[in-house]
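Below: the structure, in structure tokens.
For this chain, numbers begin at 1 and follow the sequence in order. Any value given below was found using the heavy atoms of this structure, including those in side chains, with hydrogens, waters and symmetry copies removed. Just so you know, ligand 1 is whichever comes first in the structure, and atom 1 is the first atom listed for that ligand.
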Amino acid sequence: MKRYAELAPSQRTIMTPGPVEVDPRVLRALSYPILGQFDPEFTSYMNDTMEMLRSLFRTANHWAFPVDGTSRSGIEAVLTSLIEPGDKVLIPIYGRFGNLLYEIAERVGAEVVYIEKEWGSVFDPGEVISAIHREKPALVLMVHGETSTGRMQPLAEIGKVCRELGILFVVDAVATIGGVPVNTDEWFIDAVIGGTQKCLSVPSGMAPMTYNDIAAAKLNARKTIERGLRTTADSASASCTVRRPVIRSNYLDLSQLQDYWSPARLNHHTEMTSMLYALREGLRLVLEEGLEARFARHRLHESALVAGLEAMGLTLYGDPSCKLPVVTCIAIPESIDGDSVRSMLLNRFGIEIASSFGSLKGKIWRIGTMGYSCRQQNVLQLLGALEAVLIRHGAGIHTGAGLQAALDVYDQT
Ligand SMILES: *Cc1c(COP(=O)(O)O)cnc(C)c1O
């Protein structure tokens, strides 16, 4: 019989835009005993999690809970539940994750219209607002932080116009939540999805999200149970005539999920006990640190990293005025093999940075400074290792300058 070695994953320094390193307290939480999903001890952890998510998203919304699955499942749950087939949806796209919103919206039967911005920049809010007036959509879907290009879209003005016109405003804040302010209520966002494995530094596998009463009203109007659909959520309705599902997913039907996260605790799927522990501990860490302090920490390590890279003589990619603070994109120098540099960083130094997608493939590296990975030791190790690897690859860089510039940033604070 084939024998398999015991699991022994290497300790890595992960400087990608996710997944990132996880705080040891969160890893410990993952090893705690399992509780049943209706055990009052467990449901009190669920309630704590809802409360902490409201603080994280800076919202007074009643509904704030995680969808079980990666961030994409949260996005898909919101779009599947809030878009009715035939709804006109406007998607301003400025990177890969805008395309994801497009794909999901189209799959759930939306009539999608989009505007597009060249990768490396974002929209002037006025451009989106004129498209809204022109197209009169039922929903506007936007990405807050585009990890693919390292850009961040200002949202407040767009949200305000959507609210005035009765348009639902849905935001993918997967990359920004916990690292950069996401002001759900102040920016008039009706539904917003975050991610665990990025700035929250929890493993991948849950999608924290929140939606307001306006979104809930649309959702509840589509509620499967009330339409007499045969459903496992309510055994009494099992004798009802089977009708066509209104929300075309069972797993991602927010109207059913919210019934489990409500005091009624209507059964849906089996809650992911261990992931809920991990998320709860991750949120506790965020709130202990304090949101403002956490945002400032992300800014500090970004500045040290950027100072180091520029002092080395490397060029950053994209419009600096809309740089996403938690992702730094570097133009790969002429005649340097980007993948070879990344492999050497990983194999010799145990440091991981990211490549890129689509038209940017082979042109930029992406470095994340997110969550628990966003710390001085990691930034300094990366700059030192990157310098050595670039010299090894024959790149013309200012030897010795990078680390000193980063140290200067740290010494000034
Ligand atoms: C990472 C990311 C996603 C996808 O998250 P998964 O957890 O891989 O499903 C979606 N949107 C943005 C902006 C991201 O950065």
Side-chain angles (χ1 to χ4, degrees), residues 14-22 26 56-57 66-80 91-105 107 114 117 119-123 140-155 169-182 184 187 189 191-210 249 251-252 272 275 278-279 282 298 302 318 322-329 352-358 360 364-371 373-374:
I14 310 182
M15 300 302 279
T16 65
V20 304
E21 295 166 39
V22 169
V26 174
L56 176 72
F57 282 107
V67 173
D68 291 339
T70 71
S71 320
R72 187 176 298 239
S73 76
I75 298 171
E76 198 149 344
V78 167
L79 300 192
T80 305
I91 311 178
I93 299 174
Y94 62 100
R96 175 176 188 254
F97 289 105
N99 288 336
L100 177 66
L101 292 175
Y102 187 114
E103 189 200 315
I104 299 173
R107 278 175 190 254
Y114 69 97
K117 199 80 193 169
W119 285 27
S121 54
V122 299
F123 292 91
V140 173
L141 316 180
M142 279 201 95
V143 174
H144 183 215
E146 254 297 348
T147 21
S148 63
T149 60
R151 299 305 105 184
M152 185 163 71
Q153 173 69 48
L155 298 173
F169 188 37
V170 176
V171 171
D172 166 351
V174 172
T176 43
I177 197 74
V180 178
V182 175
T184 305
W187 298 346
I189 303 172
V192 51
I193 306 98
T196 49
Q197 77 272 31
K198 310 212 174 171
C199 298
L200 288 186
S201 254
V202 168
S204 168
M206 267 190 171
M209 44 109 230
T210 182
S249 169
Y251 193 74
L252 299 174
M272 292 182 181
M275 268 309 290
L279 176 61
H298 282 84
E302 179 207 21
C322 53
K323 184 184 175 300
L324 174 59
V326 295
V327 179
T328 299
C329 300
E352 186 183 5
I353 65 169
S355 60
S356 50
F357 308 105
L360 293 175
I364 64 168
W365 293 302
R366 296 174 308 135
I367 297 178
T369 37
M370 294 177 154
S373 283
C374 179

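Separation of atoms CG (Leu324) and CD (Glu302) is listed at 8.0 Å; rounding is to 0.5 Å. To the nearest 0.5 Å, atoms OG1 (Thr70) and CD (Glu76) are separated by 9.5 Å. Distance check, rounded to the nearest 0.5 Å: CG of Leu141 to OH of Tyr114 gives 15.0 Å. Atom CE of Met370 and atom CG of Leu200 lie 10.0 Å apart (nearest 0.5 Å).
Contact record, Ala77 with Val67: CB-CG2, 4.1 Å, taken as the closest heavy-atom pair.
His298 contributes a side-chain N or O that, together with a main-chain N or O of Gly371, makes up a donor-acceptor pair within less than 3.5 Å.
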Would you mind writing out a table of all protein N or O atoms found under 3.5 Å from any N or O atom of ligand 1, naming both atoms and giving the distance to 0.1 Å?
{"from": "ligand 1", "atom 1": "5 (O)", "to": "Ser71", "atom 2": "OG", "distance (Å)": "3.3"}
{"from": "ligand 1", "atom 1": "7 (O)", "to": "Ser71", "atom 2": "N", "distance (Å)": "3.0"}
{"from": "ligand 1", "atom 1": "7 (O)", "to": "Ser71", "atom 2": "OG", "distance (Å)": "2.8"}
{"from": "ligand 1", "atom 1": "7 (O)", "to": "Gln197", "atom 2": "NE2", "distance (Å)": "2.7"}
{"from": "ligand 1", "atom 1": "9 (O)", "to": "Thr70", "atom 2": "OG1", "distance (Å)": "2.7"}
{"from": "ligand 1", "atom 1": "9 (O)", "to": "Ser71", "atom 2": "N", "distance (Å)": "3.4"}
{"from": "ligand 1", "atom 1": "9 (O)", "to": "Arg72", "atom 2": "N", "distance (Å)": "2.8"}
{"from": "ligand 1", "atom 1": "11 (N)", "to": "Asp172", "atom 2": "OD1", "distance (Å)": "3.4"}
{"from": "ligand 1", "atom 1": "11 (N)", "to": "Asp172", "atom 2": "OD2", "distance (Å)": "2.6"}
{"from": "ligand 1", "atom 1": "15 (O)", "to": "Thr147", "atom 2": "OG1", "distance (Å)": "2.5"}
{"from": "ligand 1", "atom 1": "15 (O)", "to": "Lys198", "atom 2": "NZ", "distance (Å)": "2.6"}

